[in-house]
*Asks:* 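Shown below is the structure under consideration.
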Amino acid sequence: MRNNIYAYTLDELEDYFIKLNEKKFRAKQVFDWLYQKRVNAFSDMNNLPKNLIEKLEENFDINILTLDMKQESKDGTIKFLFQVRDGHYIESVLMAHQYGYSVCVSSQIGCKMGCTFCASTIGGIVRDLDSGEMVSQVVEIQKLLDKDNKRVSSVVVMGSGEPFDNFYHTMKFIDIINHEKTLHIGSRHITVSTSGVVPKIYEFADMNSQVTLAISLHATTNAVRSMIMPINRAYPLEQLIDAVKYYNQVTNRRVSFEFGLLNGVNDTVEEAKRLANLVKPLLCHVNVIPINDVMETHYEKPKHMKINQFVKVLEKNGINVTIRREKGTDIDAACGQLRAKKGNLKKKENVCQEV
Ligand code: SAH
């Protein structure tokens, strides 16, 4: 299989060209065609010599994602189902906000974390996506926005998969889209969300990156968290909170805790008080998510009143909190749902929502 050209950093492409006995500056020209002019074929790169175009065609692929399905919501959210080269399907979501457009990217095909409210995990993990497959999701969506002269301004790694279980490729993906010769998405406009892979939180802290770290918390006791998020059995709350403290100290940046409210499971006033006490000493923000109903599980989202009550307790305790606005509910903008349909998987998957 030829290499996906979007998996390359500029440095790597320069090295590759030197090995091919080509001039180093050609890599910058190619990057310009890939990321600024955003062409669909090497043959469109008309300031390159013909023999170099032939070499590129021999060695690289430029279109590794095939758009299989697109669903558009009234609120402007668009869900994409792409087929990758080995035949599997992945989903990405484009969301329109007041501040611009954001893309929610998948990091794996399937997921092995086993969170009971999330359907990305149905069928387990197929494989990691590589950095190029992640970059291509953003580039393909940017190409569609180009028709209206619009620009992807932020990226969230909150689609299917656990990015910290695919750390190397996720970090490389971030480096590529952040680079000034590519789409140049600012670090502060990139968010990576983890279910709590503690050793990787330490590693990420030590990188001192400006990328926002989101943590899916969803419960305040080990008993409940272990029940709904099996990763808690490997890395219980105490270890997770210690890792967040370390992150706060090293980076002086706040984390964004995601707290999905499940009716009758984690939506009580007592839970809200415990949450306030747990996160009070931390630099953080809490994003309360009215959980998306998942077919074939007993979970439901709590009534509005209950959600508001939960949020009020946090506010009263001085916690910085927002309720996440759902996106694309009329099209079931659930990451993985199209893929699930395609693969006859029955459960709905999680929704990409506003951070
Ligand atoms: N594995 C990573 C990133 C992917 S999930 C993580 O766990 O953070 C992205 C977000 O969607 C997480 O906060 C996850 O808990 C949430 N999510 C999963 N299922 C959901 C559902 N049914 N409704 C709403 N959010 C959900």
Side-chain angles (χ1 to χ4, degrees), residues 77 90-93 95 102-122 124-125 128-129 134 137 155-167 169-170 173-174 190-198 200-201 204 211-219 224-225 227-232 234-235 240 243-244 255-263 265-267 285-302 307 322-329 332-337 339-340 347-355:
T77 302
I90 57 168
E91 289 186 36
S92 322
V93 183
M95 289 167 284
S102 73
V103 173
C104 176
V105 169
S106 290
S107 57
Q108 294 178 319
I109 302 176
C111 183
K112 69 174 179 218
M113 306 323 277
C115 301
T116 54
F117 48 85
C118 177
S120 293
T121 211
I122 299 176
I125 182 148
D128 289 341
L129 290 176
M134 296 173 76
Q137 294 174 56
V155 167
V156 296
V157 190
M158 285 194 179
S160 296
E162 168 50 55
F164 279 9
D165 185 43
N166 184 15
F167 196 77
H169 285 293
T170 299
F173 156 70
I174 290 172
I190 301 173
T191 300
V192 58
S193 177
T194 179
S195 55
V197 184
V198 164
K200 295 296 171 195
I201 296 176
F204 185 71
V211 167
T212 300
L213 176 63
I215 293 182
S216 298
L217 190 60
H218 305 321
V224 175
R225 196 163 189 273
M227 186 179 76
I228 60 175
M229 301 183 72
I231 189 164
N232 195 70
Y235 305 113
L240 180 60
V244 172
V255 299
S256 176
F257 283 116
E258 291 152 277
F259 204 93
L261 288 183
L262 302 161
N263 190 29
V265 177
N266 61 357
D267 60 344
H285 165 263
V286 175
N287 222 331
V288 169
I289 310 168
I291 207 90
N292 218 46
D293 295 352
V294 176
M295 271 191 288
E296 296 186 352
T297 76
H298 52 281
Y299 298 126
E300 289 166 1
K301 87 179 68 168
I307 298 171
T322 47
I323 302 185
R324 217 188 237 186
R325 200 151 46 88
E326 289 173 61
K327 290 271 178 190
T329 40
D332 282 328
C335 285
Q337 201 192 346
R339 173 178 166 256
K347 256 196 262 179
K348 267 189 176 180
E349 291 205 9
N350 58 300
V351 174
C352 280
Q353 292 156 318
E354 198 167 14
V355 181

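Atoms within each ligand, like the ligands themselves, are counted from 1 in listed order. The analysis underlying the following values was restricted to heavy atoms, covering all of them including side chains, and did not include hydrogens, waters or symmetry mates.
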*Asks:* With respect to atom 8 (O) of ligand 1, which of P163, S107, A119, S193 exhibits the smallest heavy-atom separation?
*Replies:*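 Looking at heavy atoms only, the winner is S193.
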*Asks:* By ring-ring contact (aromatic ring centres under 6.0 Å, His included), which residues pair with F257, not counting sequence neighbours?
*Replies:*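 Per chain and number, F257 pairs via ring-ring contact (aromatic ring centres under 6.0 Å, His included) with no residue.
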*Asks:* Any non-hydrogen atom of G159 lying under 4.0 Å from ligand 1?
*Replies:*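 Yes, G159 has a heavy atom closer than 4.0 Å to ligand 1.
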*Asks:* Is there a polar contact between ligand 1 and I289, counting only N or O atoms under 3.5 Å apart?
*Replies:*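 Between I289 and ligand 1 (N or O atoms, distance only) the closest approach is not under 3.5 Å.
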*Asks:* Please confirm whether the backbone N or O of T191 pairs with a side-chain atom of T212, one donor and one acceptor, at under 3.5 Å?
*Replies:*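 Answer holds: no.
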*Asks:* When only distance counts, is G161 in polar contact with ligand 1, meaning an N/O pair under 3.5 Å?
*Replies:*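 Yes, G161 has an N/O under 3.5 Å of an N/O on ligand 1.
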*Asks:* For atom 12 (C) of ligand 1, state which one of S216, S256, S160 supplies the nearest heavy atom.
*Replies:*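 Considering heavy atoms of S216, S256, S160, the nearest to atom 12 (C) of ligand 1 sits in S216.
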*Asks:* Just to be sure I'm reading this right: ignoring hydrogens, which of M229, E258, H218 gets closest to atom 10 (C) of ligand 1? Compare them by their nearest heavy atoms.
*Replies:*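 Checking each option, the heavy atom nearest atom 10 (C) of ligand 1 is found in E258.
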*Asks:* To the nearest 0.5 Å, what is the distance between CD1 (I109) and CD (E91)?
*Replies:*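 The CD1 atom of I109 sits 12.0 Å away from the CD atom of E91.
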*Asks:* Suppose we screen for side-chain hydrogen bond (donor to acceptor under 3.5 Å, both in side chains). Which residues come up paired with N166, at least two apart in sequence or across chains?
*Replies:*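 Expected list: none.
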*Asks:* Are the side chain of S216 and the backbone of S195 linked by a donor-acceptor contact shorter than 3.5 Å?
*Replies:*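 Not a single qualifying donor-acceptor pair exists.
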*Asks:* Please answer whether the main-chain N or O of Q108 pairs with a side-chain N or O of S106 as donor and acceptor at a distance below 3.5 Å.
*Replies:*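 No; judged by distance alone, with no hydrogens or angles, the pair does not exist.
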*Asks:* What I want to know is whether N292 and ligand 1 share at least one N or O pair that is separated by under 3.5 angstrom.
*Replies:*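 There is such a contact, yes.
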*Asks:* I need the contact type for M113 against ligand 1. Using non-hydrogen atoms and a strict under-4.0 Å cut-off, is it side chain, backbone, both or neither?
*Replies:*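 Contact part for M113 vs ligand 1: neither.
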*Asks:* Taking only heavy atoms of S195 into account, list the atoms of ligand 1 that are under 4.0 Å away from them.
*Replies:*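 Numbered from 1, ligand 1 contributes 6 (C), 7 (O), 8 (O).
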*Asks:* Within ligand 1, which atoms have a heavy atom of C118 less than 4.0 Å away?
*Replies:*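 Under 4.0 Å from C118, ligand 1 has these atoms: 18 (C), 19 (N).
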*Asks:* Checking the side chain of N232 only, and the main-chain atoms of M227 only, is there a donor and an acceptor separated by less than 3.5 Å?
*Replies:*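 Judged by distance alone, no pair lies under 3.5 Å.
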*Asks:* Over 60° means perpendicular and under 30° means parallel, so classify the ring planes of F204 and F164, tilted if in between.
*Replies:*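 The rings of F164 and F204 sit tilted, inter-plane angle from 30° to 60°.
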*Asks:* How does T194 reach ligand 1, if at all, at less than 4.0 Å between non-hydrogen atoms: by side chain, backbone, both, or neither?
*Replies:*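 Answer for T194: backbone.
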